[in-house]
Structure formats: C-alpha cells, structure tokens
J.: 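Below you will find the structure I want to go over with you.
Values reported hereafter were calculated over all heavy atoms of this structure, with side chains retained and with hydrogens, waters and symmetry mates removed. The sequence lines fix the lettering, A, B, ..., with proteins before strands; numbering per chain opens at 1.
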Amino acid sequence: MTARQPMLGNLFTRARLVGIATITTLIILWWLLTTGFGVIGEYRFPSPEQFLASLKRIWTDGYAGGTLIEQVVQSLRLVAIGFFTAIAVGVPLGFLMGYDKRIEAFINPVFLLLRPIPPLAWIPLAIVWLGLGDASKIMVIFVAAFVPSVINTYTGVRNIPPHFVEAALVHGASRWRMIREVYLPDAAPMIFTGLRLSLQASWTTLVAAELVGAFLGLGRVLQTAYRDVNTAMILVAMVAIAIAGFVTTRMLAALETRVIRWKNIE
Amino acid sequence: MIRRIPLWLWSVSGIVLFFGLWQGVVSVGWVSEFVLPSPIKVVDRFLTLMGRPFAGFLLWEHALSSLGRFMSGYVLAAAIGIPLGLMMGRFRLLDEIITPLFESYRYVAPLAWVPFAALWFGTGIGGPIMIIFTGAFAPCLVNAYRGAKLVDMHLIEAAQTHGASEFRIAREVLLPGSLPSIVAGLRISAGLGWQSLIGAELIVVSSGIGYVMTQGQMNLSPETVITAMLVIGLIGLALDVILRMIESRVSSKWKRE
C-alpha cells in the first residue's frame, strides 16, 4: 500500500508533469488534425491559428457588438448583480428557516413546490415579463442562485448539534450572541457550499439566457458565432466562459478560506 | 399565543397565502392576465393542451419526446462517466492524464456546448443528446472516482493475490464498493441533464416541452409557458424521487453488509 502512494510533494510534481505532457500532446494533436493533415475541417473545429486569429479579432475589433473585454464585463456584471441579490435574500431566509420551526413550516411547502422547476425553465417567462434586456437575465440568475443558497444555509443551521445550542443557552448567551457565535460559524461551511453551487448555477443560467436572446455578453458572442458558423469564435467564447467561471469560483474559494480561518482563530 | 399554533397550520397557511396572493393580484386587477395568468387559467390551459395539439403535438407527447431524448443522453453519460471514473480511481496514470482535461471541461457551462453540438450532430437527435451528455457527465465521473478511492486497497490486493483479472476486480470489488457514491452522482446528473435538455430545446431544438415554452413565449401566452414549466418541474421531481428511492435502498443494503 505504501509503495503505491509516494510522498505528497513527490506525487504533486509527478501529476503536474503528466498534466503538462497531456496538454502539450493534445495541442500538437489539435494542430496535426486541423492544419497539419486537414482531417477536421474548419466547419467542424477550428485550427489553433484560426483560434488565435479570432481571439485577436474580438480583442481589437470586437465581435457581436463589443470587444472581448466589453462582453466579459457585461456577463460578469449580470452574474454579480443576480448572484449578490440572490444570496442577500437567500442566506437570511435559509437561516430563518433553520432557526425557527414555524418559519420553516410556513415557507418550506411553497419552496418545495417551486424548487423542481429548473432555473433555465424560467427564461421564457422572464422574457415575457421583462423583455430581452438585462432585467430578464438578472431575474433568471436570481432564481438560479437563490435555491442553493437557501437550501444549504437551511441545512447548515438545522444540522448544528443541539448540545452546542444548549451549552450556550445554559451560559446565558443572548439571542444575538447565539446567532453570531454559535449558529453562523457552525453553519459557515455549508453556507459556502451553497454559495459555490449558486455561483455555478448563475453562470450556467446566464449563458443559456444570453443564448436565447441578448444584445451583448459572452452568450451573445456564442450565438452570433454559431449563426455565422464561425467555429473559431465559438471556441473563443467557450474558453472565455470557462475562464470567467474559473476566476469567480477561485475568488469565492479565497473568501471562504479567509472566513473559515477567522472562525478557527476565534 | 403564536406559539400555540400547530406547525401544520403554518404550512397550510403558507400554501394558501401563495395561491391566494397569486389569484388575488390577478382578480383585483393589479397585474394583467397577459403578464401573470391566474392559477385557474393555468389549470384550464393544462387541460386544454392535454386534449388539443399545440405546436404540432399534445402536451404529453411533447413531454414524452423530451423524456426519451433525456434518457439516451443520460444513459450515455452514465455508460462513459462511471467506468472512466472507476478506472481513474484505480490507475494513477489515467487519473493524472484525465484530471487536467476534466478540470478545464468542468468550468465550461453545459449550455455553452450548444453551438458545437448543433454543428456536429444537428438539432434533431444527436445535438440534444450531446448537450444532455455534457450536463450529466461530470457528476457521474466525479462520484464514481470518489467511490473508487474509498474502496479499501486491501480488498483489491486480496483479489489480486487470488488471481482475479482487472475486469473481475472492477466488477466485483470496485463497483459494489463505490455503488452508494455512484447512485448519489446519478441523482445529481439527472437534475443537471434534464435542465440542460430544457436549455437546448429553448435555444435550437424545435420539439419537446422546452419548445412548447418558446412557442408560448412567442405567442405572448404566459399561461402556456407556466403550464410547461409545471410539467418540466413535475418530470424533474419524478426523476428525483425515483433516484432517491434507489439511493436509499442501495445505501441501506450497503450498510447491512
């Protein structure tokens, strides 16, 4: 068993080397299949050169109504507004549901009724109500990000061991102190799990909503490139979406380690 | 005083308030029927759509065609994701090769695959199946991988000493050992795959229950849109309930052994 698992540092470098080798091989293979031997045509998948040319084009001249920066900023802005509004409502609501059985009984049935409807299914209704502009996108992102933040906060608060609460009560902690020093720190990991799922759902929903109809944004780039059968630009948009999702997820993770470390010090 | 009210009464009042407010704002005329149809109108629309074709088919026929497509993409995702995840948990080199690729794939929102799916496989059957696949694939793989990592190495070594082939080890040690994790992954996959299909039907596919919504939106008929939303929610719920039942059965059986 020990022979199979080398030391941690050792494993890290090995995994990294194999990873770099894999990606390099893939890029060479990509070039060979497209430019090199021409097995895959431009209308199926772009060559690396075409990809770079499209990247340069959208960076300097713009595409589908804006440069890459403008498109990314538009999508990021909508995700940020929808996500933060949703968690500003969802986390307190989930907290109250976990904190008080009556609030749980009051809200949970309606919540259970609406929850199975996937966020993407709200897109047409959002368009009927708010049109194709920013407002309808913010609405669907709100719906998408709201559900995970409520459920996970609720679960996190509800699963706090009762003896923690009782111990604090015996020592005469006030309600406010209980919330700040028992409930919130204990539920923090679950709350962050919810936020991570919310963020992921926000991106998925935004891309879908912008594909259905938008004037600007990464999904709009994707849709325009699809109509033009510009596979290189499709790939550029997909990579941009992946990077934007990756960076925002990392930012949230950094915030999480900070908050949880603060909790441990206390 | 408020403490004496039993919990079930709170639940009932929550539901009543929800539907009451919905019906109320429409009946009073604060919100136009063209924006938010009343619950009664939605039920009426549901019954109509069950008996009279809309966008070419009856409501349940649209739902069935979506469900059929969902099934093919979902089965494909499970058939590739689960074995691959198990193998990654078993062989380190494979793990190291696939992980960086998988990590980069994971950050692409499933719906961002729609253009390529449509260009490669068309918008009839192939494209939607690929989109469901991209939505449902990740949890299948991740959970099979985690499950395989949890399997006791001693069991695998014991099987090896007794001369079991790799295939037998996979079937008789890895798969049973990781089954609870796999089934949990299948449940998450089902939700994501179902939602991806709806997205695909909204964007490029011109049939299925998502298409009913698009048509309802274009005809400015919110009651059709809401009816379709309810059907989508009900099917999603049914899938979830079935997989939850399988999940609890598997985990209770697994604990006993």
J.: Could you tell me whether B/Phe46 atom CZ has more than 12 heavy atoms of other residues or ligands within 6.0 Å of it?
T.: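 Not buried by this count: 12 neighbours or fewer within 6.0 Å.
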J.: Going from CG on A/Leu222 to CH2 on B/Trp113, what distance comes out if it is rounded to the nearest 0.5 angstrom?
T.: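 It is 11.0 Å, given to the nearest 0.5 Å.
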J.: Are A/Phe45 and B/Leu119 side-chain neighbours, meaning at least one heavy-atom pair lies under 4.5 Å?
T.: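 The answer is no, as the side chains (C-beta and beyond) never meet within the 4.5 Å cut-off.
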J.: Could you tell me which portion of B/Phe19 (side chain, backbone, both or neither) has an atom closer than 4.5 angstrom to a non-hydrogen atom of chain A?
T.: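 Interface part for B/Phe19: side chain.
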J.: Go through the steps for A/Arg14 and B/Leu93 under the test side-chain contact (heavy atoms from CB on, under 4.5 Å), then give the verdict.
T.: CA-CA 10 Å; A/Arg14 185 191 136 137; B/Leu93 185 65; 3.9 Å; yes
J.: Between A/Leu125 and chain B, which part of the residue has a heavy atom less than 4.5 Å away: side chain, backbone, both or neither?
T.: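 Both parts, heavy atoms under 4.5 Å.
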J.: What residue in A/Ile234, A/Val128, A/Val212 has the most heavy-atom pairs under 4.5 Å with chain B?
T.: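 Most heavy-atom pairs within the cutoff with chain B belong to A/Ile234.
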J.: What residue, out of A/Pro109, A/Pro124, A/Pro119, A/Ala244, has the most heavy-atom pairs lying under 4.5 Å from chain B?
T.: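 Top option by heavy-atom pairs under 4.5 Å: A/Pro124.
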J.: Tell me if the OH atom of A/Tyr43 is crowded by more than 12 foreign heavy atoms within 6.0 Å.
T.: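 Result for OH/A/Tyr43: open.
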J.: If you round to the nearest 0.5 Å, how far is CD1 of A/Ile117 from CD1 of B/Ile198?
T.: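 Rounded to the nearest 0.5 Å, the CD1-CD1 separation comes out at 11.5 Å.
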J.: Checking heavy atoms, do the side chain of A/Leu113, its backbone, both or neither come under 4.5 Å from chain B?
T.: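 For A/Leu113, the side chain is the part near chain B, not the backbone.
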J.: Does B/Arg187 have more than 12 heavy atoms from other residues, nucleotides or ligands lying within 6.0 Å of its CZ?
T.: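 Yes.
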J.: To the closest 0.5 Å, what do you measure between CD (A/Glu210) and CD1 (B/Ile203)?
T.: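 Answer rounded to 0.5 Å: 11.0 Å.
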J.: Apply side-chain contact (heavy atoms from CB on, under 4.5 Å) to B/Val114 and A/Val207, showing your working.
T.: CA-CA 10 Å; B/Val114 166; A/Val207 170; over 6 Å; no
J.: With a 4.5 angstrom heavy-atom cut-off, is it the side chain or the backbone of A/Thr231 that approaches chain B, or both, or neither?
T.: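 When you check distances to chain B, atoms from both the backbone and side chain of A/Thr231 fall under 4.5 Å.
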J.: With a sphere of 6.0 Å drawn around CD of A/Glu104, does it hold more than 12 non-hydrogen atoms of other residues, nucleotides or ligands?
T.: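 More than 12 within 6.0 Å, yes.
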J.: Determine, step by step, whether A/Ile243 and B/Tyr107 satisfy the side-chain contact (heavy atoms from CB on, under 4.5 Å) criterion, reporting the C-alpha distance in whole Å, the side-chain angles of both residues, the deciding distance to 0.1 Å, and the verdict.
T.: CA-CA 7 Å; A/Ile243 291 176; B/Tyr107 284 101; over 6 Å; no
J.: When heavy-atom pairs shorter than 4.5 Å are enumerated against chain A, which of B/Ser196, B/Ala200, B/Pro115, B/Ser221 gives the highest number?
T.: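 Winner by heavy-atom pair count: B/Pro115.
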J.: Counting heavy-atom pairs under 4.5 Å with chain B, which one of A/Gly19, A/Ala208, A/Ala105 comes out on top?
T.: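 That would be A/Ala105.
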J.: Return the CG to CE distance between A/Leu120 and B/Met229, rounded to the nearest 0.5 Å.
T.: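 Rounded to the nearest 0.5 Å, the CG-CE separation comes out at 11.0 Å.
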J.: Taking atom CG of A/Leu211 and atom CG of B/Leu202, what is their separation to the nearest 0.5 Å?
T.: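 Rounded to the nearest 0.5 Å, the CG-CG separation comes to 10.5 Å.
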J.: Looking at chain B, which one of A/Pro118, A/Gly245, A/Ala209 has the largest number of heavy-atom pairs inside 4.5 Å, strictly under?
T.: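 If we count pairs closer than 4.5 Å to chain B, A/Pro118 comes out on top.
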J.: Between B/Ile226, B/Ile209, B/Asp95, B/Ile97, which residue shows the highest count of heavy-atom pairs closer than 4.5 Å to chain A?
T.: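 Of the candidates given, the most pairs with chain A belong to B/Ile97.
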J.: Nearest 0.5 Å please: distance from the CZ atom of B/Arg106 over to the OG1 atom of A/Thr249.
T.: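 Atom-to-atom, B/Arg106:CZ and A/Thr249:OG1 are 9.5 Å apart.
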J.: Does the A/Arg102 side chain pair with the main chain of B/Leu7, one donor and one acceptor, at a distance under 3.5 Å?
T.: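 Pair absent, no side-chain N/O of A/Arg102 close to backbone of B/Leu7.
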J.: With ring centroids as reference points, do A/Tyr226 and B/Phe116 lie under 6.0 angstrom apart?
T.: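 They do not qualify: ring centres at least 6.0 Å apart.
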J.: May I ask you to test the B/Ser11-A/Asn108 pair for a side-chain heavy-atom distance under 4.5 Å?
T.: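 Of all side-chain heavy-atom pairs linking A/Asn108 with B/Ser11, none is under 4.5 Å.
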J.: So which of B/Leu9, B/Val204, B/Leu239, B/Val225 has the biggest tally of heavy-atom pairs under 4.5 Å with chain A?
T.: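 If we count pairs closer than 4.5 Å to chain A, B/Val225 comes out on top.
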J.: Within the distance-only criterion (no hydrogens, no angle test), does the side chain of A/Trp203 pair as donor or acceptor with the backbone N or O of B/Ala109 below 3.5 angstrom?
T.: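 No; zero donor-acceptor contacts below 3.5 Å.
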J.: Flag the one option from B/Ile98, B/Val108, B/Leu101, B/Val35 with the top tally of heavy-atom pairs under 4.5 Å to chain A.
T.: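 Among the listed options, the one with the most contacts to chain A is B/Val35.
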J.: Select one option (side chain, backbone, both, neither) describing which atoms of A/Ile103 are under 4.5 Å from chain B's heavy atoms.
T.: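 Contact with chain B is absent: no heavy atom of A/Ile103 under 4.5 Å.
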J.: With a 4.5 angstrom heavy-atom cut-off, could you sort out which part of A/Arg227 is near chain B: side chain, backbone, both or neither?
T.: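 Neither part; nothing is under 4.5 Å.
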J.: So B/Gln217 and A/Ile123, do their side chains get closer than 4.5 Å, heavy atoms only?
T.: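 Not in contact.
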J.: Begin from the C-alpha positions of B/Leu17 and A/Phe106 and carry the test side-chain contact (heavy atoms from CB on, under 4.5 Å) through to its verdict.
T.: CA-CA 10 Å; B/Leu17 189 71; A/Phe106 186 65; 3.7 Å; yes
J.: With chain B as the partner, which of A/Ala121, A/Ala225, A/Ala237, A/Ala240 has the greatest number of non-hydrogen pairs under 4.5 Å?
T.: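 Ranked by contacts with chain B, first place is A/Ala121.
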